[in-house]
Amino acid sequence: MTDQHLIDNLNQRGLLTQISAEAELIEHLGSQCCTVYCGFDPTADSLHIGSLVPLLALRRFQEAGHRPIALAGGATGMIGDPSFKSNERKLNTAEVTAQWTAKIKDQLSRFIDFDCGENSALVVNNLDWTAGKDVLTFLRDIGKHFSVNAMIQKESVKQRIEREGEGISYTEFSYMILQAYDFAMLNEMHDCTLQIGGSDQWGNITAGIDLTRRLNQQQVYGLTLPLVTKADGGKFGKTEEGTIWLDPKRTSVYAFYQFWINTADADVYNFLKYFTFLDIEEIEAIEEADKAAQGRPEAQSILAREATRLVHGEEGLAGAQRISDALFSGDISTLTEGDFGQLKQDGMPSSRLESSTLVDALVQTDLAKSNKMAREFIGNGAVLVNGKKVSDPAANLDWNQAFFGKFFLLKRGKKLFHLGYCE
RNA sequence: GGAGGGGUUCCCGAGUGGUCAAAGGGAUCAGACUGUAAAUCUGACGCGUAAGCUUCGGUGGUUCAAAUCCACCCCCCUCCA
């Protein structure tokens with residue numbers, strides 16, 4: 001348990017944004033196995049890669065000998081965190097939130113170890129201690145510790161209060177109190193002394209530190225991780241297809257792998273620090289080597305490999321690599337019938353083609369949103385069928401020319417593929 | 001409850017009776033250049049092969065003609081109570 005190490009390591013990786021009572025916290029971490037928590041609210045039935053940094057951070061703490069608690073926000077998810085959000089969110093029903101919470105809980109469980117002695121992980125749901133709380137008791141025992149004057153000063157809600165044209169409901173405004181209460185409860189029940197989260201959570205975390213001191217007379221700590229940004233200013237974690245989810249039913253392992261492969265050079269070394277467990281020295285060596293080699297860097301494929309393995313395991317990674325190799329580095333005409341079957345198995349986007357025209361096929365496979373778009377793509381020379389460019393918008397798909405009589409590999413643009421088949 | 005302001009295509013945002021499928025910007029997509037990178041340039045960006053059709057919070061109405069006018073309703077914001 002080498003704790004200056006842990007903090008140093010996080011620091012070198014650029015993973016520390018804010019930290020409360022740093023010197024004290026370092027000493028605290030150094031003296032014992034501490035309990036660390038991080039909350040994840042169910043805003044969908046899966047986490048997305050935006051949650052990956054804190055999730056992996058929990059694991060980093062566990063590897064350093066501390067006990068992680070992953071909290072699924074069954075209660076807070078019903079309210080909606082206003083922190084740095086410009087709009088009020090719409091509420092989901094209790095049933096939906098409960099379903100999502102169950103799924104999130106399940107996902108969280110895959111990233112931390114539940115069977116490693118005294119620092120075995122825990123997964124909890126804050127609904128367990130919130131649901132039974134009656135309003136009056138809550139307002140008297142908890143609410144009394146909060147000053148509205150202080151709450152409205154928090155940067156996280158400021159824009160909602162000050163900006164013309166937006167507002168904040170009492171419901172969302174109360175979110176901070178709920179999260180603070182979580183920290184106090186976890187401190188009481190599990191002797192939790194540290195909360196981590198994205199830097200947008202700082203206001204909520206410090207609220208929890210204050211409440212725990214008042215309620216339990218305990219000194220607890222907080223630490224925040226950076227929100228991942230891209231060098232070009234774009235939103236991290238989105239593609240044309242939308243959010244990159246951790247659930248392979250929502251984002252296929254192949255798409256997940258490809259997402260990382262497409263990381264910009266300007267971001268990739270930071271991302272290696274954020275999203276892998278490679279040593280900082282190793283990462284630096286990779287950067288050096290890439291620089292020396294000119295041309296195409298290795299970093300992206302290392303990042304994709306590591307991140308995909310972390311989230312989807314060795315098997316998922318192998319499948320994603322097989323598809324990627326087949327589509328991007330090999331000559332597809334050398335693929336065997338069995339290879340095509342394997343690609344389908346591996347989760348390559350594929351579907352049975354019902355149509356005979358190329359335009360219909362593009363629409364049916366979602367490679368184009370409308371017939372009009374499909375024609376435009378074809379006209380632009382953006383569409384390849386079995387590796388050959390087709391530029392006639394009126395082209396038909398002739399099954400006699402399909403690979404093995406039943407496979408059409410459709411490509412739109414540089415990176416989007418779809419395997420169409422018959423039967 | 002009172003007074004005022006506002007809801008426009010993915011987002012921001014112009015548009016106050018025809019010239020509006022609706023300026024401009026952003027995002028996104030495609031092509032060229034590359035390395036499945038970035039930057040840059042070009043093009044696309046409601047649907048339809050087209051004629052044309054469907055959009056501007058909702059429902060009705062006025063008009064030859066409405067995103068633009070009227071009525072009612074819903075939602076949001078600001079101030080007052």
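Below, chains carry the letters A, B, ... as their sequence lines are ordered, and counting in each starts from 1.
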Grab the [atom1]-[atom2] distance between [X] and [N] for me, whole Å please.
X: A:K230; N: B:A39; atom1: NZ; atom2: C1'; result: 14 Å
X: A:F377; N: B:U28; atom1: CZ; atom2: P; result: 15 Å
X: A:K235; N: B:C10; atom1: NZ; atom2: C1'; result: 10 Å
X: A:R89; N: B:C76; atom1: CZ; atom2: P; result: 17 Å
X: A:Y269; N: B:A38; atom1: OH; atom2: P; result: 14 Å
X: A:D290; N: B:G35; atom1: CG; atom2: P; result: 15 Å
X: A:D267; N: B:G35; atom1: CG; atom2: P; result: 20 Å
X: A:I378; N: B:C29; atom1: CD1; atom2: C1'; result: 15 Å

Nearest heavy atom decides the nucleotide; on that basis, is A:K372 or A:R296 closer to the 5' end of RNA chain B?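 By nearest-heavy-atom nucleotide position, the 5'-most residue is A:R296.
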Relative to the 5' end of RNA chain B, which residue comes earlier, A:V383 or A:M373, by the nucleotide with the nearest heavy atom?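 Mapping each residue to its closest nucleotide by heavy atoms, the 5'-most match is A:V383.
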Reckon [X] touches a base, only the sugar-phosphate, or nothing at all at heavy-atom distances under 4.0 Å?
X: A:A266; value: nothing
X: A:P393; value: nothing
X: A:E88; value: nothing
X: A:F328; value: base
X: A:N371; value: sugar-phosphate

Does A:F277 have A:R60 sitting over its ring (NZ/CZ under 6.0 Å from centre, angle to axis within 45°)?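 Yes, A:R60 lies over the aromatic ring of A:F277.
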More than 12 heavy atoms from other groups under 6.0 Å of NZ on A:K389: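 No, not enclosed.
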Counting heavy atoms not belonging to A:Q345, are there more than 12 under 6.0 Å from its CD?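 Atom CD in A:Q345 is not crowded, with 12 or fewer foreign heavy atoms closer than 6.0 Å.
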Can you tell me if A:Q201 uses its side chain to pair, donor with acceptor, with the backbone of A:T224 under 3.5 Å?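 Not at all, since once roles are kept as given, no pair shorter than 3.5 Å links the two residues.
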If we ignore hydrogens and angles and just use 3.5 Å, is the side chain of A:D41 paired with the main-chain N or O of A:T43 as donor and acceptor?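 Here the side-chain-to-backbone pair does not exist.
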From B:G48, B:G31, B:G35, pick the nucleotide closest to the side chain of A:D265?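 The closest nucleotide is B:G35.
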